[in-house]
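The figures that follow rest on heavy atoms only: side chains count, while hydrogens, waters and symmetry mates do not. Throughout, a chain's letter reflects where its sequence line sits, starting with A, and its residues are numbered from 1.
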There are 2 protein chains.
Amino acid sequence: MASQARQRLLDAAVQQALESGIADLSLRELAAAIGTSHRMLIYHFGSREGLLVAVAQAVETTQRSLVFGPGSPTSDKDVRAFWKRISSPKLWPQERLFFELYVHAVLDRPGTEGFLDNIVESWVTPIAAVAMEAGADERTARADARLSVAVVRGLILDLLATGDRKGVTAAFDRYLRQVRIAASAGTGLRDG
Amino acid sequence: MASQARQRLLDAAVQQALESGIADLSLRELAAAIGTSHRMLIYHFGSREGLLVAVAQAVETTQRSLVFGPGSPTSDKDVRAFWKRISSPKLWPQERLFFELYVHAVLDRPGTEGFLDNIVESWVTPIAAVAMEAGADERTARADARLSVAVVRGLILDLLATGDRKGVTAAFDRYLRQVRIAASAGTGLRDG
DNA sequence: TCGGTACCGTACCAGTCGGTACATGTACCG
DNA sequence: CGGTACATGTACCGACTGGTACGGTACCGA
């Protein structure tokens, strides 16, 4: 399937979306940038919406593959490497596009159905699994994981707006510090 | 100034934007919904972009007034009340629109110039001020404040996608717990 | 009464959009 | 050779867009 030609068009479309977003992505402009006619985009994707669906899926797949590269990160060092990777300016276009699609989906715009389906869950589950291996109960582990996803996404949002990687990383380090302290002190404390 | 008529149109425009966003907000549709002609929107705002600027400013003002209502929240109780307020479904449209504008601005779309200017700073400063009153040094206080902004925004993003207020609130509570533990244990620890 | 100013609607413009009709080319299969 | 499926381009369509020209109405100060 996916007929080479279609894949080529899709890659180019994603590339274009990474540069200028999807909101004002017109078939004609895109086709001109690729070097074909908008007719072909309709042919291969059925409609503009079909193209958006394909782009959204591609972005979501990439984003999902970002969660964790090799193995389960348990040490601070692994987590810091993870942060360093996803906060790299090279990934900013990818993340900008991710958030644009996110907002589109939240606003129920056509072409992003299903985009939100596991957008939190697919990160929470593997992260919580790591904590549960260390003996945490499921409810707590999942809440903590959900928090960490929010931290990462919130800080990336900050990063995209300010570009201040150093300051944002400092905030991330504060988070790691808190987690570490709470973990070492936590077993002896009641929580609310 | 702002000539009543203009204000009326602006209010209606914001209302419309709260419902369906700004991306496909056309002057004609909006005018029809308000009960006037798109000519009047051009008349009062100069252009579509001028209207977007006005809407963005209105949203930013509202959002900024959201930070803290009365006084400086220091106790967990205050912070929890704050969270309860901003996570209320009644505010979801406001927050959806905020994030849509945020993304638009990140993508450098016209009409949102300056929207990002203090989008992190204006939250960080007052929050850090509270911590500094309690004796924290500025750098640490600001990093912690920046983290808390990311937590709130990241969790709101989660909330908008999943609608799971309970689960998201549980994650927020975990954050508060961490902060509390780290604060009580923190003075005696070195950080990295 | 006159001139100006604020406000508003109708009608129009040129441009762009997504989508379609139709013709064409090409390559493989019988 | 014919047929058939895929791929592609050109030319077009109706709809919608932001913006403008123009004309009108109502008020206000001179």
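Contacts between residues 35-54 of chain B and DNA chain D, counted as heavy-atom distances below 4.0 Å, involve B/H38, B/R39, B/I42, B/S47, B/R48.
Atom pair B/L25:CG and D/dT17:P shows a separation of 10 Å (rounding to whole Å applied). Rounded to an integer number of Å, the gap from CG of B/L27 to P of C/dT10 is 16 Å. Distance CD (B/Q4) to P (C/dC7): 10 Å, rounded to an integer number of Å. Rounded to whole Å, atom C1' of C/dG18 lies 13 Å from atom CG of A/L30. Per the geometry, CG belonging to A/L9 stands 11 Å off C1' belonging to D/dA7, to the nearest Å.
The main-chain N or O of B/S87 is found under 3.5 Å from a side-chain atom of B/W92 such that the two form a donor-acceptor pair. Side chain of A/R6 to main chain of A/H44: a donor-acceptor pair is present (N/O by atom type, distance under 3.5 Å, no hydrogens or angles).
Ion pairing between A/R142 and A/E121 holds under the 4.0 Å rule for side-chain N and carboxylate O. The pair B/R64-B/E60 meets the salt-bridge criterion, with a side-chain N (NZ, NE, NH1 or NH2) lying under 4.0 Å from an Asp/Glu carboxylate O.
Between the side chains of A/Q7 and A/D11, at least one donor N or O lies within less than 3.5 Å of an accepting N or O.
Using the Watson-Crick or G-U wobble rule with both distances under 3.5 Å, C/dG30 pairs with D/dC1. Searching all strands for a Watson-Crick or G-U wobble partner of D/dA30 with both distances below 3.5 Å returns C/dT1.
Relative orientation of the A/Y102 and A/F98 rings is perpendicular, given thresholds of 30° and 60° on the angle between their planes.
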